[in-house]
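Below, chain A is the first sequence line, B the second, and so on; all start at residue 1.
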2 protein chains.
Amino acid sequence: MQNSKVAESIFSQHDHQHCIDQALAAAKELCRQRKSRLTPVRERVLELIWQSHLPLGAYQLLNQLSQEGFNSAPPTVYRALDFLLDHGLIHRIASLNAFIGCNCPQDQHHGYFLICRDCGSAQEIEAEEISSFLRQNASAAGFKVETETVELSGLCPQCQNRSQQDDQ
Amino acid sequence: MQNSKVAESIFSQHDHQHCIDQALAAAKELCRQRKSRLTPVRERVLELIWQSHLPLGAYQLLNQLSQEGFNSAPPTVYRALDFLLDHGLIHRIASLNAFIGCNCPQDQHHGYFLICRDCGSAQEIEAEEISSFLRQNASAAGFKVETETVELSGLCPQCQNRSQQDDQ
DNA sequence: TCCAAAACGCAATGTTATAACACAATTGTA
DNA sequence: TACAATTGTGTTATAACATTGCGTTTTGGA
Ligand SMILES: [Zn+2]
Ligand SMILES: [Zn+2]
Ligand SMILES: [Zn+2]
Ligand SMILES: [Zn+2]
């Protein structure tokens, strides 16, 4: 965790093609290093997930895949998602049953998310402090944490402004 | 949040009948105050949820209800669950698609959970520090938190001991 | 007693995820 | 290159979770 990208807000306008390019490049490099195969389906699913910062459901991905001539049965997309999850290239958002790209797949980590209920965007936020804080709380109960699900839903800066304007 | 019950670990052996009695009594009192109707289905669903500290899925509840002569279609149990959720008598655990009783429904709060992957028990943990910490982190990104999903999965004290013994 | 709102019964359907098994592609090895 | 083992994919079916719509019953209050 922690490179300069992480701090950038995805809620504001930004060069999203850069997000995509970087994610795809990182994925290819990672798979090369690990001698894992980023097959066409897997790569395409990752691209589809990165088309925006909106978490996508498996069946949304499935629809898009099938329109592109890929085979379109649930196992196809779930297998691709499993692969991407295993390699940390995406995260699953439990409260939405949806999947989102990870912008720092190099280092193993849990995903912590800010999810806007209005525009739907999900931003992954910095982890170390949160993780240590939560683990500290858990260990007070003698509990050994293995996986962490932290998903905060609410309003992003943009949508707060928008709803204020609407009030007027 | 915050009465003496909260700190007690549900992972160790305890007088669980006391948990049940207290939860049911609190529910009745709360509904009385709010002039809400804790109907037979709703009460029975709450009892079923409290039969242990294992989060239960809607269809597990449905099976048990039907064996008791209650109507057994999904909407029945989901409506009861919605009622109980609305009144804070239970929490939904997103990472499990399951429901668990709340031991302090008096005050409105989010549920933070320690979930043992071995025995399946889920313990709700104290909230205020976690909540303020998370909100602080979120507000640094200009994000306004409304709902919080915090679910830590791992090994409870008991199951840590057990797996150590198994290793020998 | 009558009414409106709340709760419930019921059937169908929608959504998310996995099981099981056959076949194809890839990789490492002799 | 042959060939076995592994890994990935196609396909069908089904499990698991959740909601919609509509009509009937119950309930509490005017
Ligand atoms: Zn972007
Ligand atoms: Zn937003
Ligand atoms: Zn108990
Ligand atoms: Zn346990």
Between protein and nucleotides 23-30 of chain D, what N or O pairs are separated by less than 3.5 Å?
none

Q) What class does the angle between the rings of Trp50(B) and His53(B) fall in, given that below 30° is parallel, 30 to 60° is tilted and above 60° is perpendicular? A) perpendicular
Q: Provide, to the nearest angstrom, the distance between the CG atom belonging to Asp82(B) and the P atom belonging to dA6(C).
A: 15 Å
Q | Matching residue for His109(B) among Glu148(B), His91(B), Glu128(B) - test: side chain to side chain donor-acceptor pair (under 3.5 Å) | A | His91(B)
Q) Once you round it to whole Å, what is the distance between P of dA17(C) and CD1 of Ile93(A)? A) 12 Å
Q.
If I take atom CG in residue Leu38(B) and atom C1' in nucleotide dA7(C), what distance separates them, rounded to the nearest angstrom?
A. 13 Å
**Q.** Between C1' of dC8(C) and CZ of Arg42(B), the distance in whole Å
**A.** 9 Å
Q | Whole-Å gap separating P (dA18(D)) and CG (Leu81(B)) | A | 9 Å
Q) Does a side-chain heavy-atom distance below 4.5 Å link Ser153(B) with Ser95(B)? A) no
Q) Quick one: are Leu38(A) and Arg32(A) in side-chain contact, heavy atoms under 4.5 Å? A) no
Q: Given side-chain contact (heavy atoms from CB on, under 4.5 Å), test Asn63(B) with Gln60(B) step by step and report yes or no.
A: CA-CA 5 Å; Asn63(B) 283 337; Gln60(B) 292 177 274; 5.6 Å; no
Q: Kindly say if Asn97(A) contacts the phosphate of dT15(C), meaning a side-chain N or O under 4.0 Å from OP1 or OP2.
A: no
Q) Are His16(B) and His18(B) near enough that their ring centres are under 6.0 Å apart? A) no
Q) Near DNA chain D, which residues from residues 55-77 of chain B have a heavy atom under 4.0 Å away? A) Tyr59(B), Pro74(B), Pro75(B)
Q) Taking the six-membered ring for Trp, are Tyr78(A) and Phe99(A) parallel (under 30°), tilted (30 to 60°) or perpendicular (over 60°)? A) perpendicular
Q. Taking Glu151(B) for the side chain and Phe113(B) for the main chain, is one N or O donor matched with an acceptor at less than 3.5 Å?
A. no
Q: Find the distance Tyr78(A):OH to dA15(D):C1' and express it as a whole number of Å.
A: 12 Å
Q.
If you go through the side-chain atoms of Arg79(B), does one of them form a donor-acceptor pair with the base of dG9(C) closer than 3.5 Å?
A. yes
Q. Is Val41(A) reachable from Phe83(A) through a run of I, L, V, M, F, W or Y residues, each pair having side-chain heavy atoms under 4.5 Å apart?
A. yes
Q) Whole-Å distance between dG8(D) C1' and Asp86(A) CG? A) 14 Å
Q) Quick one: Leu85(B) CG to dC17(D) P, roughly how many Å, whole number? A) 16 Å
